[in-house]
K.L.:
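Please read through the structure below; I'll follow up with questions.
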Amino acid sequence: MSTSTETQQAFINYLLRLADDRLILGQRLSEWCGHGPMLEEDLAMANIALDLIGHASALYEYAAEVEGKGHDDDHFAYFRDDPEFTNLQMCELPKGDFGFTIARQFLFSSFYYFLYEALKESSDEQFRGMVNKHLKEIKYHLRHSREWVLRLGDGTEESHDRIQEAFNDLWMYTGEMFYMDDTDEVMIKAGNGADLKAFEDDWKKLIESTLQEATLEVPDWKQFMINGSRTGIHTEHLGHMLAQMQFLRRSHPDAEWK
């Protein structure tokens, strides 16, 4: 049986996982600002990036509240080193071309659609409120990225080949989305977590049906899968990203937006 201290720490870890995924992917998406293939899509990706960073900020703030040590959202975003981040490695990979960005967003949004559907009846009122609020935007992110997968896959020969290559490159990063450890188990018992294995087949069916509709080949699910991000193992790319993202805040730790 978990103690209240173990449950509190697991809840903090769980909130940070969700927040880290959003902050890092939101940062990557923001790199498209001013570089989108068309003005409408430039604005759409900037808005999705803002949604994700906004989700991260709310989750970090709640993690700080649960922790009760006087930290704030800036502490978790700007004053941790890369081994302390628990975001999926998929989120920290360089933005690549437009097809790569769309393929990653589709894989990520579809996973979080099922996860947040499973979390929307969580026992913690404040967490449940955030999940239901963020879920509305996740549905938009999923619909937007899925439509682009269909357009690119069933588009020109070049767009088809590029997004197929993107899915092939990203495939080995999908396995760790369903990694579970003690944090998940404690949260499930507390009524604030989800059994990731319970919706893995539904997630795969959505991915497979979308790729087939887009005339794309579904890569082999049994291929080698990357793992370790939930325990602080990352690619070389995260450190470079954090160095840029955290530089100003760490250089002026007492600065305020006033």
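Just the heavy atoms: all of them, side chains too, but no hydrogens, waters or symmetry mates, feed the values below.
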K.L.:
Does this structure show an ion pair linking Glu158 with Arg162, if we count only N-O contacts that are shorter than 4.0 Å?
P.N.:
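Looking at Glu158 and Arg162, the cut-off is met.
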
K.L.:
How many angstroms lie between NE2 in His134 and CG in Asn132, if you round to the nearest 0.5 Å?
P.N.:
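His134 NE2 to Asn132 CG: 10.0 Å, rounded to 0.5 Å.
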
K.L.:
Are any side-chain N or O atoms of His234 and backbone N or O atoms of Phe85, one a donor and one an acceptor, separated by less than 3.5 Å?
P.N.:
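Checking the backbone N and O of Phe85 against the side chain of His234, a donor-acceptor pair under 3.5 Å is found.
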
K.L.:
Are more than 12 heavy atoms, taken from residues, nucleotides or ligands other than Glu31, located less than 6.0 Å from that residue's CD atom?
P.N.:
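More than 12 within 6.0 Å, yes.
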
K.L.:
Has Phe79 got more than 12 heavy atoms of other residues, nucleotides or ligands less than 6.0 Å from its CZ?
P.N.:
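Count over threshold, so yes.
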
K.L.:
Where do Ile163 and Phe98 land on the side chain to side chain contact (heavy atoms under 4.5 Å, CB included) test, with the steps shown first?
P.N.:
CA-CA 8 Å; Ile163 198 164; Phe98 183 64; over 6 Å; no

K.L.:
Any luck finding a side-chain donor-acceptor pair between Trp148 and Glu41 under 3.5 Å?
P.N.:
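A donor-acceptor contact under 3.5 Å links the two side chains.
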
K.L.:
Any donor-acceptor pair under 3.5 Å linking the side chain of Asn192 with the backbone of Met187?
P.N.:
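Not confirmed, Asn192 side chain does not pair with Met187 backbone.
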
K.L.:
With side chain to side chain contact (heavy atoms under 4.5 Å, CB included) as the criterion, how do Tyr78 and Leu248 come out once you've worked through the C-alpha distance, each side chain's angles and the decisive distance to 0.1 Å?
P.N.:
CA-CA 9 Å; Tyr78 296 114; Leu248 183 61; over 6 Å; no

K.L.:
For the residue pair Gln223 and Met172, establish whether any side-chain heavy-atom pair is separated by less than 4.5 Å.
P.N.:
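The answer is yes; the side chains approach within 4.5 Å.
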
K.L.:
Does Tyr62 offer a backbone N or O that forms a donor-acceptor pair with the side chain of Gln126 under 3.5 Å?
P.N.:
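Not a single qualifying donor-acceptor pair exists.
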
K.L.:
Return yes when atom NZ of Lys136 has more than 12 non-hydrogen atoms of other residues, nucleotides or ligands closer than 6.0 Å, and no otherwise.
P.N.:
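Counting other residues, nucleotides and ligands, NZ of Lys136 stays at 12 neighbours or fewer.
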
K.L.:
Is there a path of hydrophobic side-chain contacts, each under 4.5 Å between heavy atoms of I, L, V, M, F, W or Y residues, that connects Val149 with Leu93?
P.N.:
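Yes, same cluster.
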
K.L.:
Do any N or O atoms from the side chain of Thr7 and from the backbone of Val186 form a donor-acceptor pair under 3.5 angstrom?
P.N.:
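Such a contact is absent between Thr7 side chain and Val186 backbone.
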
K.L.:
Looking at Gln8 and Val66, would you say the former's side chain and the latter's main chain have a donor-acceptor pair under 3.5 Å?
P.N.:
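Yes; at least one donor-acceptor contact below 3.5 Å.
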
K.L.:
Closer than 3.5 angstrom, by distance alone: can the side chain of Ser30 be matched with the main-chain N or O of Gln27 as a donor-acceptor pair?
P.N.:
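Yes, because the side chain of Ser30 sits within donor-acceptor range (under 3.5 Å) of the backbone of Gln27.
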
K.L.:
Atom CD of Glu84 and atom CG of Leu16: how far apart are they, to the nearest 0.5 Å?
P.N.:
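If I round to the nearest 0.5 Å, the distance is 10.0 Å.
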
K.L.:
Applying side-chain hydrogen bond (donor to acceptor under 3.5 Å, both in side chains) as the test, list every pair that has at least one member in residues 42-54; sequence neighbours left out.
P.N.:
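For residues 42-54: Asp51-His141.
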
K.L.:
Below 4.0 angstrom, N of the basic side chain to O of the carboxylate: do Arg250 and Asp81 qualify?
P.N.:
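Looking at Arg250 and Asp81, the cut-off is met.
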
K.L.:
To the nearest 0.5 Å, how far apart are CG in Leu115 and CG in Leu196?
P.N.:
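One finds 6.0 Å between CG of Leu115 and CG of Leu196.
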
K.L.:
Do the charged groups of Lys197 and Asp184 touch, with an N to O distance under 4.0 Å?
P.N.:
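No, this pair does not count.
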
K.L.:
Nearest 0.5 Å, what's the CG-CE distance between Leu15 and Met130?
P.N.:
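So the gap between those two atoms works out to 6.0 Å.
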
K.L.:
So, does Arg128 use its side chain to make a donor-acceptor pair with the main chain of Ser122 at under 3.5 Å?
P.N.:
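Here the side-chain-to-backbone pair exists.
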
K.L.:
Please give me the minimum heavy-atom distance between Leu170 and Ala103, naming the atom from each residue.
P.N.:
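Of all heavy-atom pairs spanning Leu170 and Ala103, the closest is CD1-CB, 3.8 Å.
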
K.L.:
Tell me whether Glu165 at atom CD has more than 12 heavy atoms from other residues, nucleotides or ligands lying less than 6.0 Å away.
P.N.:
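Result for CD/Glu165: open.
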
K.L.:
Just verifying a value: how many Å separate Ile24 CD1 and Ser229 OG, rounded to the nearest 0.5 Å?
P.N.:
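Here the interatomic distance stands at 11.5 Å.
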
K.L.:
To the nearest 0.5 Å, tell me how far Leu52 CG sits from Leu25 CG.
P.N.:
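So the gap between those two atoms works out to 5.5 Å.
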
K.L.:
Locate the shortest heavy-atom distance separating Glu92 from His237; write the atom from each residue and the value.
P.N.:
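Smallest heavy-atom distance, with atoms named: O-CB, 3.5 Å.
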
K.L.:
Check whether Thr215 reaches the backbone of Gly153 with its side chain - one donor and one acceptor, N or O, closer than 3.5 Å.
P.N.:
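Yes; at least one donor-acceptor contact below 3.5 Å.
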
K.L.:
Using the rule that Ile, Leu, Val, Met, Phe, Trp and Tyr join whenever any side-chain heavy atoms are under 4.5 Å apart, tell me whether Trp32 and Met38 fall into a single cluster.
P.N.:
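Yes, same cluster.
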
K.L.:
Using the rule that two of Ile, Leu, Val, Met, Phe, Trp, Tyr join whenever any of their side-chain heavy atoms come within less than 4.5 Å, decide whether Tyr179 and Tyr116 are in one cluster.
P.N.:
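No; Tyr116 is not reachable from Tyr179 via cluster members.
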
K.L.:
Would Glu137 and His55 count as a side chain to side chain contact (heavy atoms under 4.5 Å, CB included) here? Give the steps.
P.N.:
CA-CA 10 Å; Glu137 293 168 340; His55 296 179; 2.5 Å; yes

K.L.:
Does atom CZ (Arg230) have a neighbourhood of more than 12 heavy atoms from anything else shown, all under 6.0 Å?
P.N.:
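Result for CZ/Arg230: enclosed.
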
K.L.:
Evaluate the side chain to side chain contact (heavy atoms under 4.5 Å, CB included) criterion for residues Val218 and Trp171: first the C-alpha distance (whole Å), next the side-chain angles of each, then the deciding distance (0.1 Å), finally the verdict.
P.N.:
CA-CA 9 Å; Val218 179; Trp171 213 247; 4.0 Å; yes

K.L.:
Can you name the nearest heavy-atom pair linking Asp21 to Cys91, along with the distance?
P.N.:
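Between these two residues, the closest heavy atoms are O-SG, 3.8 Å.
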
K.L.:
Could you tell me which non-hydrogen atom of Lys95 sits nearest to which non-hydrogen atom of Arg28, and how far apart they are?
P.N.:
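Where Lys95 meets Arg28 most closely, the heavy atoms are N-CD, 4.1 Å.
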
K.L.:
Using only atom types and a distance under 3.5 Å, with no angle test, would you say the side chain of Arg80 pairs donor to acceptor with the backbone of Phe76?
P.N.:
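Yes, because the side chain of Arg80 sits within donor-acceptor range (under 3.5 Å) of the backbone of Phe76.
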
K.L.:
With heavy-atom distances below 4.5 Å as the criterion, would you say the side chains of Leu211 and Glu217 are in contact?
P.N.:
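Result no, sub-4.5 Å side-chain heavy-atom pair not found.
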
K.L.:
Is there a path of hydrophobic side-chain contacts, each under 4.5 Å between heavy atoms, that joins Phe106 and Trp221?
P.N.:
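Linked within one cluster.
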
K.L.:
At their closest point, which heavy atom of Tyr113 faces which heavy atom of Leu135, and how far apart are they?
P.N.:
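Tyr113 and Leu135 have their closest heavy atoms at O-CD1, 4.1 Å.
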
K.L.:
So which of Phe111, Phe178, Phe108 actually passes ring-ring contact (aromatic ring centres under 6.0 Å, His included) with Trp203?
P.N.:
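When ring-ring contact (aromatic ring centres under 6.0 Å, His included) is applied between Trp203 and each of Phe111, Phe178, Phe108, only Phe178 qualifies.
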
K.L.:
If we check side-chain contact (heavy atoms from CB on, under 4.5 Å) with Tyr60, which of these qualifies: Asp20, Leu18, Asp74, Asp72?
P.N.:
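Testing each of Asp20, Leu18, Asp74, Asp72 against Tyr60, the sole residue satisfying side-chain contact (heavy atoms from CB on, under 4.5 Å) is Asp20.
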
K.L.:
Are Ile233 and Tyr173 connected in the hydrophobic side-chain network, where two residues link if heavy atoms are under 4.5 Å apart?
P.N.:
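In one cluster: no.
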
K.L.:
Please name the pair of heavy atoms, one in Leu29 and one in Ala49, separated by the smallest distance, quoted to 0.1 Å.
P.N.:
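Of all heavy-atom pairs spanning Leu29 and Ala49, the closest is CB-CB, 3.8 Å.
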
K.L.:
Kindly say whether Leu206 contributes a backbone atom to a donor-acceptor pair with the side chain of Thr210 at under 3.5 angstrom?
P.N.:
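Indeed, once roles are kept as given, a pair shorter than 3.5 Å links the two residues.
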
